[in-house]
Amino acid sequence: MAKIRVLVAKPGLDGHDRGAKVVARALRDAGFEVIYTGLRQTPEQITEAALQEDVDVIALSILSGAHPHLFPKVVELVRGKGMTDTLIIGGGVIPETDIPALKEAGIAAVFTPGTPTGDIVDFINEHVKK
């Protein structure tokens with residue numbers, strides 16, 4: 001069976017990626033194939049990478065507070081490229097009050113600091129059809 005392919009991406013101007021790297025390692029340890037884009041990616045770069053890598057999941061990580069703008073933009077671009085089955089999740093320092101709007105914009109789940117990585121693995125396994 002093919003491995004689930006996950007793109008871990010840091011949109012915006014964040015300068016820290018320790019959390020994203022922890023999640024990327026946990027996903028890799030869980031048997032997923034993980035592609036990490038590195039810091040300071042534009043929504044366009046993330047979308048292009050997701051398309052080129054033919055990923056099943058895009059995991060966005062943000063600390064800067066720009067999630068209300070950047071997360072929906074990624075969803076819009078990815079869906080616009082016809083990637084309708086791609087699961088898009090988010091994480092990072094995101095106020096609870098912002099989560100409903102992100103979900104409405106197409107983010108399947110939002111994982112905040114302190115979430116056990118196993119919860120992220122379980123969510124992906126439950127929601128990606130391979």
**Message:** Would a single hydrophobic cluster contain both Val55 and Ile89, if residues Ile, Leu, Val, Met, Phe, Trp and Tyr are joined by side-chain heavy-atom contacts under 4.5 Å?
**Reply:** no
**Asked** How many angstroms lie between atom CG of Asp56 and atom OG1 of Thr86, to the nearest 0.5 angstrom?
**Response** 7.5 Å
**Request:** Please examine the side chains of Ile4 and Asn125, heavy atoms only from C-beta on, and report whether any two atoms are closer than 4.5 Å.
**Result:** yes
**Heavy-atom pair with the smallest gap, counting every atom of Ala20 and Lys10** = CB-CD, 3.7 Å
**Fill in**
Of all heavy-atom pairs linking Thr47 and Lys81, the shortest is CG2-CG, 3.8 Å
**Message:** Would you say Phe123 ends up clustered with Val34 if hydrophobic residues are merged whenever their side chains have heavy atoms under 4.5 Å apart, either directly or through other cluster members?
**Reply:** yes
**Request:** Would you mind reporting whether Val78 and Ile88 have side-chain heavy atoms less than 4.5 Å apart?
**Result:** yes
**Request:** Verify the cluster assignment for Ile35 and Val6: are they in a single hydrophobic cluster under the rule of side-chain heavy atoms below 4.5 Å apart?
**Result:** no
**Request:** Verify, without hydrogens or angle tests, whether Asp17 (side chain) and Leu39 (backbone) share a donor-acceptor contact under 3.5 angstrom.
**Result:** no
**Asked** Rounded to the nearest 0.5 Å, how far apart are NZ of Lys73 and CD1 of Ile46?
**Response** 12.0 Å
**Message:** If hydrophobic clusters are built by linking Ile, Leu, Val, Met, Phe, Trp and Tyr wherever their side-chain heavy atoms come under 4.5 Å apart, do Leu77 and Met83 end up in the same one?
**Reply:** no
**Complete:** Between Val8 and Leu27, the two heavy atoms sitting closest are CG2-CD1, 4.3 Å
**Asked** Ignoring hydrogens and geometry, is there a side-chain-to-backbone donor-acceptor pair from Arg5 to Ala50 under 3.5 Å?
**Response** no
**Message:** His16 vs Leu63, test: side chain to side chain contact (heavy atoms under 4.5 Å, CB included). Steps then yes/no.
**Reply:** CA-CA 8 Å; His16 299 281; Leu63 305 172; 4.0 Å; yes
**Complete:** One should read off an interatomic distance between Thr42 OG1 and Leu13 CG, to the nearest 0.5 angstrom, of 10.5 Å
Identify each donor-acceptor pair in which a side-chain atom of residues 92-113 lies under 3.5 Å from a protein atom, sequence neighbours left out, and give them as a table.
| unit_1 | atom_1 | unit_2 | atom_2 | d |
| --- | --- | --- | --- | --- |
| Asp98 | OD2 | His67 | NE2 | 2.7 |

**Prompt:** More than 12 foreign heavy atoms under 6.0 Å from CZ of Arg25: is that the case here?
**Reply:** no
**Message:** Side-chain heavy atoms nearer than 4.5 Å, only ILVMFWY residues, links allowed to pass through others: does that put Leu7 and Leu87 together?
**Reply:** no
**Item:** Interatomic spacing from NE2 in His69 to CD1 in Ile62 - rounded to 0.5 Å
**Value:** 9.5 Å
**Asked** Is the backbone N or O of Phe32 less than 3.5 Å from a side-chain atom of Arg28, with the two atoms forming a donor-acceptor pair by type?
**Response** no
**Item:** Closest approach of Leu70 to Pro11 (non-hydrogen atoms, all atoms of both residues)
**Value:** CD1-C, 3.9 Å
**Asked** Does the side chain of Val23 reach to within under 4.5 Å of the side chain of Ser61, using non-hydrogen atoms?
**Response** no
